[in-house]
Protein chains: 2
Amino acid sequence: MTRVLVIDDEPQIVRALVINLRARKYEVDAAHDGATALELAAAHHPDVVVLDLGLPDMDGVEVIKGLRGWTRVPILVLSARHTSDEKVEALDAGADDYVTKPFGMDELLARLRAAVRRAEPTGAGEDEVLVETDEFTVDLAAKKVQKHGKDVRLTPTEWHLLEVLVHNTGRLVSQRQLLQEVWGPSYGTETNYLRVYMAQLRRKLEADPSHPKHFVTEPGMGYRFER
Amino acid sequence: MTRVLVIDDEPQIVRALVINLRARKYEVDAAHDGATALELAAAHHPDVVVLDLGLPDMDGVEVIKGLRGWTRVPILVLSARHTSDEKVEALDAGADDYVTKPFGMDELLARLRAAVRRAEPTGAGEDEVLVETDEFTVDLAAKKVQKHGKDVRLTPTEWHLLEVLVHNTGRLVSQRQLLQEVWGPSYGTETNYLRVYMAQLRRKLEADPSHPKHFVTEPGMGYRFER
DNA sequence: CTGGCGCGTCAGGGTTGCGTCAAAGACGGT
DNA sequence: ACCGTCTTTGACGCAACCCTGACGCGCCAG
């Protein structure tokens, strides 16, 4: 059974979607704001997400990024905005499709089927949501890190950096790529940022920060996360 | 480089698409009817297809089915028809997205990026990026070298040199080419650099550095990497 | 035999890059 | 408006890397 997560703050839209989806034998969760949506997604691992960009608590694009931090689940965006910019922004943030309101239910369902269909066969190669080392654990979905069972507090930038590194476990990530993914495309040479934040990550996570086992420096090239 | 196949019978639309795509460094093929489209797709294996449903020789949906018979390449449908039925039919036939004309070029390009992005593999089913010899292995994706199972640390220049040689496994690479690829286009005669760094590579990777088996010198010409 | 050429090896010095610390600046919440 | 947290920026020491020059060896031609 296909699990759908519907995120929208307008009750009548949610109701219409839920009714139609349930009638077609989908399993449906609903959230009316971004925070609970991210929680639900982490807890239930839906097969597809329907997301309204106009949420009360946070920007819809932030929800997309939050999901894309740990999963490749198809995201179908709903929005009342017709402007090209909004669409481009959402799609480039990681959305798979963009439907403007008002929408035809038939079309939405067809787009949903298309999104689920192309995700299916890839579903076998599951992404690791929980990455463990001998001394700490990274939960990409819950955005939580534990060291010897105790929660570790990371700042947003620290987390983002960790996320990129863990996504490429074992692979070398160039300093340029790290800077552009964490700080934005206009960065690329500010390697001092990396030095500072790598030091903080190591101080918080490594057993011996001055002799890192998991956050390895490859001088002149980049950094590598080793399990 | 990403290969795009554009299928449309209206010359001005094809021209607009081709110009925009080429400007963004896509490799573009164009077909103006379904039959040649299917041929081109089979011959060139595009990474994404942009398909106008209104073709002179056959129904666009037939083109979709024809493609879906053997490939999962993302298909982005263009159409002047706004009716829900048409969209549903195309999407259920196997299309990935449906854009109605007139369309905004920005939006189309964003949808194209989204389609290409999700088709990209992550991590697992990768290309052949592992080169093995009897004594060491080179992982081009992770930028990692192991000798008898133990990691070997290479400096950036050493790695870069190795990369060029491995990319041309079995072929002779001229000293000029090596110098220009590793040190930059203004170099070409500083063969002493090569001597020093080849020696270091051999010392780190060869079983008997003074009698190299894999990093072969072709006197006066260049070097060759043999598996 | 001898000189020249190309290649391999080695070691020293200038330079770059990294880790660390500290402090100033920006931001958000109370 | 104040305060705490996070981010940015600068300075410094140290290690590693890159370049360079010198030397030895083998090969070939004169």
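Within every chain, numbering begins at 1; the chains are lettered A, B, ... in the order of the sequence lines, protein sequences first and strands thereafter.
Summarising the geometry, the separation between CG on B:Leu201 and P on D:dC17 is reported as 13 Å, rounded to the nearest angstrom. Remark: C1' of D:dC6 and CG of A:Leu161 are 15 Å apart, rounded to the nearest angstrom. Put simply, OH on B:Tyr187 is 10 Å from C1' on D:dC18, counting in whole angstrom units. When rounded to the nearest whole Å, the span between CH2 of B:Trp159 and C1' of D:dC17 equals 18 Å. Atom CG in B:Leu154 sits about 14 Å away from atom C1' in D:dA16, given to the nearest Å.
A close approach under 4.0 Å does not occur between any side-chain nitrogen or oxygen of A:Arg153 and OP1 or OP2 of D:dT5. Look at B:Tyr197 and you'll find a side-chain N or O under 4.0 angstrom from OP1 or OP2 of D:dC18. A sub-4.0 Å separation between OP1 or OP2 of D:dC18 and a side-chain N or O of B:Thr155 is present.
Across all strands shown, A:Trp183 has heavy atoms under 4.0 Å from sugar-phosphate atoms exclusively, and none from any base.
Considering only residues two or more places apart in sequence or on other chains, A:Gln175 meets the side chain to side chain contact (heavy atoms under 4.5 Å, CB included) condition with A:Thr191, A:Leu194.
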How would you summarise protein contacts on nucleotides 5-22 of chain C per nucleotide, using B for base, S for sugar-phosphate only and - for none, with heavy-atom distances below 4.0 Å?
-SBBBB------SBBB--
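Other residues, nucleotides and ligands contribute at most 12 non-hydrogen atoms within 6.0 Å of the NZ atom of A:Lys65. Other residues, nucleotides and ligands contribute at most 12 non-hydrogen atoms within 6.0 Å of the CE atom of B:Met221. Around atom CZ of B:Arg3, more than 12 heavy atoms belonging to other residues, nucleotides or ligands sit under 6.0 Å away.
Using the six-membered ring where Trp is involved, B:Phe136 and B:Phe215 have ring planes that are parallel, under 30° apart on the 30 and 60° scheme.
Between A:Asp208 and A:Ser210, the side chains place a donor N or O and an acceptor N or O closer than 3.5 Å (distance only, hydrogens not considered).
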